[in-house]
Amino acid sequence: MKILVLNSGSSSQKTALFDLSPQAADPASPLWEGKLEWDGSKETITVTNSDGKKFREESRVLPEKRGSSLGKMLDQLWQPPTGLDLDRKDIAAVGHRIVHGGPRLTEPAIVTPEVKRAIASVSAIAPLHNIAGLDGIEYSEGYFPKVPQIAVFDTAFHSTLPLAAKVYPGPYEWYEQGIWRYGFHGINHAYCATRAARLLGRDLASLKTVTCHLGNGCSLAAVADGRSMDTTMGFSPLEGLMMGTRPGSLDPGILTHLLRSRQITQAELDEVLNHQSGLLGISGISSDMRDILAAVGTGNERARLAFDIFIHRLQSGIAAMAGSLAGLDALVFSAGIGENSPEIRTSCCERLAFLGIELDQTKNSLAIPDVEVSSPGSRVRTLVIRAQEDLCIAQTAMNLLSPC
Ligand code: AMP
């Protein structure tokens, strides 16, 4: 059962091939992985296979042709040096990560023209991601014409939010129009909550967990009984925590003020909110937490402020999520920052001791996911768990095709 996963983002297209057949040696490790990134007028394809063979190519492209090399990347599945001993008919399904499923797509779905229309209808809400996801589906339909295409939605896990967490307290008509909290990163939040229960030897149904997905995009989820009860991202992936280039929650009065006083057009506002805020906007240096931490080390004051805001919002967010759960048993850190930065985990947990969160500093500084990093006496168990979104998408696609 070989499943290809296509994860199409705003500045990259990642792909991974998994063998999920019962006789596979290590189903969790991809047989083959590719990444197509574009940066200005340059496009880079990097491919590796499980034998350690690599392919890398850099080319110049016109901005309107960005991403047109997806076929070239997929061709490396069959071509030396990274090609595997298989052909297109060996691919059982292609799983696609779709960020926004909108009001109707709350379960993984086999792609049909209707599903594509539903994805397109909410593209305006998540413009960085949904259009790229649809492009990926359409390309894959042409490249693998007889293979089922499965869409897996980042919003789906949060479809269980109670109304009090889901509905914005604007006019009720907003809710009737589908303007509500959808939440994102659901594939990883669901995985982290389940994995934490397994690592702790606890029943998922009895566990109250806050999962922190801290990557380029950042969000928290409050999970009880394996169900999402609250989350920080909202109608769009702009709400909630501070992120690499997105601000997270803002007073909406700032936005109406900027628009009313004509300091900014709506298109410029979109650009500022999606690409020029967050760590980058405050530090003026970078959207990458590694650069921020390095600059803090050299005494850069704006980097320090960016770091402090990030921690402030993360701490208050975790406390708010614990409030939504009326308790907390486990805290999970995941994704690029969550998995790799002991400094962020320490700074964030320091002032959350009142919730019963206490880290073991040695375990935290040496953490290699998946691992527990709390001190033996900590009431709340804190874990670092590697995000495995592609594997989850592959497993979801397999389960949809051949339910057990
Ligand atoms: P992701 O979106 O999960 O791939 O996360 C990417 C982000 O993780 C990068 O932009 C960095 O900000 C962050 N990151 C990766 N490695 C580290 C690290 N060692 N320390 C701090 N942040 C990191």
Side-chain angles (χ1 to χ4, degrees), residues 5-16 30 33-39 44 46 97 99 126 128-129 132-133 154 184-192 195 211-221 232-233 237-238 240-248 274-298 300 302-304 306-311 313-314 332-349 359 364-371 373 383-393:
V5 172
L6 207 53
N7 190 335
S8 301
S10 53
S11 60
S12 70
Q13 272 169 325
K14 290 188 263 179
T15 171
E33 280 181 288
K35 189 168 187 186
L36 166 62
E37 294 167 283
W38 46 94
D39 169 13
T44 311
T46 317
R97 175 181 176 214
V99 166
L128 288 186
H129 301 99
D154 257 328
F184 298 86
H185 297 137
I187 299 165
N188 194 39
H189 286 302
Y191 170 77
C192 285
R195 180 92 179 117
T211 50
C212 311
H213 179 106
L214 307 177
N216 275 319
C218 299
S219 72
L220 306 175
T232 54
M233 281 183 170
L238 282 174
L241 301 178
M242 181 184 193
M243 305 174 224
T245 59
R246 285 170 267 170
N274 282 298
H275 299 293
Q276 292 171 19
S277 300
L279 296 175
L280 175 65
I282 294 296
S283 71
I285 296 173
S286 170
S287 62
D288 191 312
M289 186 56 89
R290 287 165 289 199
D291 299 333
I292 302 298
L293 292 170
V296 170
T298 65
N300 183 301
R302 278 177 58 182
R304 177 85 235 174
F307 176 87
D308 288 345
I309 301 172
F310 187 89
I311 295 295
R313 293 192 157 215
L314 180 56
V332 177
F333 288 94
S334 186
I337 300 173
E339 291 164 28
N340 295 304
S341 177
E343 300 94 319
I344 295 285
R345 296 191 296 263
T346 299
S347 305
C348 159
C349 291
L359 297 188
N364 182 47
S365 59
L366 300 174
I368 298 173
D370 298 346
V371 69
V373 292
L383 301 114
V384 182
I385 294 181
R386 192 179 308 289
Q388 296 268 31
E389 284 161 321
D390 290 346
L391 176 63
C392 295
I393 293 168

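Counting starts at 1 for both ligands and their atoms, following the listed order. Starting from 1, each residue takes its place in the sequence as its number.
A pairwise comparison of heavy atoms in L220 and T232 identifies N-OG1, 2.9 Å as the closest pair. Summarising the geometry of A367 relative to V371, their closest heavy-atom pair is CB-CG1, 3.8 Å, with the distance given to 0.1 Å.
Under a 3.5 Å cut-off, the side chain of R302 and the backbone N or O of I282 do form a donor-acceptor pair.
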Mind listing the N or O contacts between ligand 1 and protein, cut-off under 3.5 Å?
unit_1   : atom_1 : unit_2 : atom_2 : d
ligand 1 : 2 (O)  : N216   : N      : 2.9
ligand 1 : 3 (O)  : G336   : N      : 2.9
ligand 1 : 8 (O)  : I337   : N      : 3.4
ligand 1 : 10 (O) : N216   : OD1    : 3.0
ligand 1 : 12 (O) : D288   : OD1    : 3.3
ligand 1 : 12 (O) : M289   : N      : 2.7

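Between the side chains of N216 and S287, no donor-acceptor pair of N or O atoms lies under 3.5 Å.
The shortest distance between side-chain heavy atoms of I344 and F307 falls below 4.5 Å. Using a 4.5 Å heavy-atom threshold, the side chains of R97 and V5 count as separate.
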